[in-house]
Amino acid sequence: MGLFDKFKKPKEPPRQQRSGVMELIFCPAESLEHIMGRMESALGVHSPGTGNRISIYQDDMHIDFTGFVADKETEDGKKAQEQLQGVWAYFRQVETEHIDIQRNLLYHLRQCRGMVSVNAVYDGPQNADKEGAISERMGVVTAALQGVLTWGMDALVDPAGKIILSKDGKSDLEYYMPSEVPIPADWAKDAPPEAVERRNKSMALLRDRHIYVTPWLPLLWERAEEPGRTVEEVCRRAAALLIVSLYSECRVGEHMSYEESREFVNPIIESYGAEGFFSPDEKAYLDDPNSTEQTQIQYAWQYENLWVMEWALGLTDDLFWPTRICDVPQSVRIMREYPSMEELTAAARLRPRKELLNQADLIYRLHWACVDARVMGMPAPQELEEGVVMERHRALFWLAGCDEMCGWDDVDLST
């Protein structure tokens with residue numbers, strides 16, 4: 001070796017190639033302690049101290065799980081909040097045929113306050129077995145947190161790694177439901193047990209139909225054993241709705257004049273002795289020769305309420321799932337069979353108030369689902385017809401005597 005060779009800079013050893021995975025988990029979370037506790041339990045580790053990171057080492061593999069809670073108090077909290085808002089907006093604009101999956105995914109993201117960043121590295125080039133091991137651990141944590149996981153930042157996946165929704169609108173799932181968010185222990189404090197039972201039955205049915213409804217909507221506190229509407233009240237309401245609906249159809253459907261329309265319904269009013277059956281708003285409408293087309297259309301929807309009255313009176317058993325309008329000709333034929341109050345009340349068999357309250361609770365939650373979807377700029381879930389749902393809300397709340405047995409015009413349709 002020459003003298004010059006002694007002063008040559010020694011060669012650096014080749015750098016070890018490293019590969020890795022970086023993903024995010026979005027989850028409901030009460031606190032950072034909640035996130036860390038769930039992760040520790042899922043991974044079978046104990047992370048001492050009050051930090052927000054859990055590290056796992058296996059051979060040459062190193063995985064960091066770092067938890068955050070979205071808030072405005074800390075820098076990390078603000079960043080987590082921005083990430084959550086950003087991913088919601090990103091998947092809101094995805095064009096997809098899986099609208100019901102997309103809507104429920106957005107509900108899930110909306111209830112998330114927690115985020116976990118996953119940073120995994122291992123030696124060497126990309127390795128399917130090692131990435132599979134990393135994915136398995138991410139899935140375990142995602143399941144424990146009831147969360148969803150990014151995948152290459154191009155899709156959100158469930159704990160099993162199935163695509164919920166990708167950026168190009170694809171999904172591996174037939175349906176998706178958001179995780180169950182726990183209800184505060186005092187949420188139903190002092191509520192009648194039957195009110196909680198009604199709500200639980202409604203929620204179970206909605207889950208079976210893959211319709212998400214926020215779990216802490218108010219309860220209907222009315223008791224089934226308390227006096228409700230009488231058969232006579234419901235029959236009078238059915239007659240009034242028949243007349244208002246027919247009058248509206250004359251105006252907006254047949255383009256008849258006010259005088260012609262009144263001439264058509266006046267014999268029916270006389271037949272039922274219905275002059276005093278109408279609500280103040282209905283009477284004002286029937287007496288107004290200058291009602292607008294929009295008002296006439298609004299009252300034409302009263303056929304939906306008539307159908308519910310006929311169901312409540314036992315004149316039909318078909319309280320169909322509200323994805324379509326009622327059979328209008330059939331609703332009129334049913335009433336024609338009983339053209340007087342005497343005949344109508346004799347034929348009627350009013351359903352128990354418990355059954356009416358059960359249906360009122362269900363339709364209230366369905367109405368929330370329709371309205372909230374509309375607020376998000378999306379169609380109602382599972383092809384529900386919002387107009388039918390809203391009118392059924394009105395009819396069932398009145399029938400069940402909700403809101404202190406209020407008048408027809410005073411039924412609260414808010415959700």
Side-chain angles (χ1 to χ4, degrees), residues 234 236-269 272 274-275 277-312 316 318-336 360 363-364 366-375 377-399 406-415:
V234 180
R236 289 196 294 269
R237 182 94 301 267
L241 289 166
L242 171 68
I243 294 159
V244 168
S245 301
L246 287 171
Y247 170 81
S248 302
E249 188 176 354
C250 289
R251 296 300 311 269
V252 75
E254 302 299 326
H255 305 290
M256 294 165 61
S257 68
Y258 169 74
E259 291 76 16
E260 292 170 325
S261 302
R262 284 304 304 251
E263 186 177 347
F264 183 85
V265 299
N266 281 342
I268 306 173
I269 295 174
Y272 283 106
E275 194 62 56
F277 295 175
F278 305 107
S279 73
D281 286 354
E282 289 170 337
K283 181 170 176 51
Y285 166 61
L286 290 171
D287 290 343
D288 181 7
N290 300 312
S291 60
T292 66
E293 183 179 10
Q294 182 60 40
T295 301
Q296 293 161 12
I297 292 172
Q298 173 189 335
Y299 276 97
W301 275 95
Q302 301 310 293
Y303 280 119
E304 299 299 332
N305 293 313
L306 172 59
W307 187 269
V308 178
M309 298 301 153
E310 292 169 339
W311 168 82
T316 179
D318 186 17
L319 192 66
F320 55 89
W321 194 252
T323 54
R324 59 176 175 84
I325 63 173
C326 71
D327 186 339
V328 169
Q330 177 62 12
S331 70
V332 176
R333 284 193 292 269
I334 289 172
M335 294 296 287
R336 279 180 180 162
I363 203 68
Y364 170 64
L366 278 176
H367 196 190
W368 179 93
C370 291
V371 171
D372 206 61
R374 174 161 46 83
V375 169
M378 305 185 77
Q382 300 295 334
E383 300 183 344
L384 290 169
E385 172 57 64
E386 184 177 352
V388 174
V389 172
M390 182 182 74
E391 294 304 334
R392 198 172 286 188
H393 181 170
R394 187 195 314 275
L396 287 166
F397 264 48
W398 182 87
L399 276 166
C406 67
W408 181 255
D409 295 338
D410 301 319
V411 175
D412 183 3
L413 297 180
S414 63
T415 58

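Please read all numbers here as calculations on a predicted model, not as lab measurements.
Under the salt bridge (Lys or Arg N to Asp or Glu O under 4.0 Å) criterion, Glu391 pairs with Arg394, not counting sequence neighbours. For Trp311, there are no ring-ring contact (aromatic ring centres under 6.0 Å, His included) partners two or more places apart in sequence or in a different chain. Partners of Asn290 under the side-chain contact (heavy atoms from CB on, under 4.5 Å) rule, at least two apart in sequence or in another chain, are Asp288. For Asn266, the side-chain hydrogen bond (donor to acceptor under 3.5 Å, both in side chains) partners at least two apart in sequence or on another chain are Arg262. In this structure, Arg392 has no salt bridge (Lys or Arg N to Asp or Glu O under 4.0 Å) partners at least two apart in sequence or on a different chain. For Tyr247, the ring-ring contact (aromatic ring centres under 6.0 Å, His included) partners two or more places apart in sequence, or in a different chain, are Tyr285. When the side-chain hydrogen bond (donor to acceptor under 3.5 Å, both in side chains) test is applied to Ser245, no partner is found at least two apart in sequence or on another chain. Residues forming a side-chain hydrogen bond (donor to acceptor under 3.5 Å, both in side chains) with Tyr364 (at least two apart in sequence, or on another chain): none. Partners of Glu386 by salt bridge (Lys or Arg N to Asp or Glu O under 4.0 Å), not counting sequence neighbours, listed by chain and number: Arg374. Under the rule for a salt bridge (Lys or Arg N to Asp or Glu O under 4.0 Å), the partners of Glu282 that lie at least two apart in sequence or sit in another chain are Arg237. With sequence neighbours excluded, no residue satisfies side-chain hydrogen bond (donor to acceptor under 3.5 Å, both in side chains) with Glu383.
Nearest heavy atoms, Met256 versus Ser261: CB-OG, 3.6 Å. Trp398 and Val411 make their closest contact through CB-CG2, 4.0 Å (heavy atoms, listed as atom of the first residue, atom of the second, distance). Of all heavy-atom pairs spanning Ala380 and Cys370, the tightest one is CB-SG, 3.9 Å. Closest of all the heavy-atom pairs between Ser291 and Arg251 is OG-NH1, 3.8 Å. Listed here is the closest heavy atom pair of Val389 and Leu366: CG1-C, 4.0 Å.
Between the CG atom of Asp412 and the NE2 atom of His393 there is a distance of 6.5 Å, given to the nearest 0.5 Å. A distance of 7.5 Å separates OH in Tyr272 from CD1 in Ile243, rounded to the nearest 0.5 Å. Going from atom CD1 of Ile363 over to atom CG of Leu396 covers 6.5 Å, rounded to the nearest 0.5 Å. Put simply, CH2 on Trp321 and CD on Gln382 are 9.5 Å apart, with the number rounded to the nearest 0.5 Å. Atom CG of Leu242 sits about 5.5 Å away from atom CD1 of Ile268, to the nearest 0.5 Å. Atoms NE2 and CG, on His367 and Leu384 in that order, are 11.0 Å from each other to the nearest 0.5 Å.
Taking the side chain as every heavy atom from C-beta outward, Ser248 and Gln302 never approach each other to under 4.5 Å. The closest side-chain heavy-atom distance from Phe277 to Leu241 is not below 4.5 Å. Residues Glu275 and Lys283 are in side-chain contact: their nearest non-hydrogen atoms beyond the backbone lie under 4.5 Å apart. Looking at heavy atoms from C-beta onward, Leu286 lies out of side-chain contact with Tyr299 at the 4.5 angstrom threshold. At least one side-chain heavy atom of Glu249 sits less than 4.5 Å from a side-chain heavy atom of Tyr303. By the 4.5 Å heavy-atom criterion applied to side chains, Val388 and Arg324 are not counted as neighbours.
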Show every donor-acceptor pair shorter than 3.5 Å between a side-chain atom in residues 326-334 and any protein atom, with sequence neighbours excluded, or say none if there are none.
residue, atom, partner, partner atom, Å
Asp327, OD1, Gln330, N, 3.2
Gln330, OE1, Arg333, NE, 3.1
Gln330, OE1, Arg333, NH2, 3.0
Ser331, OG, Val328, O, 2.7

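Side-chain atoms of Asp281 do not come within 3.5 Å of backbone N or O of Asp409 as any donor-acceptor pair. At least one donor-acceptor pair closer than 3.5 Å links the side chain of Trp307 to the backbone N or O of Asp318.
Crowding of Glu260 atom CD: a count of heavy atoms from other residues, nucleotides or ligands under 6.0 Å exceeding 12.
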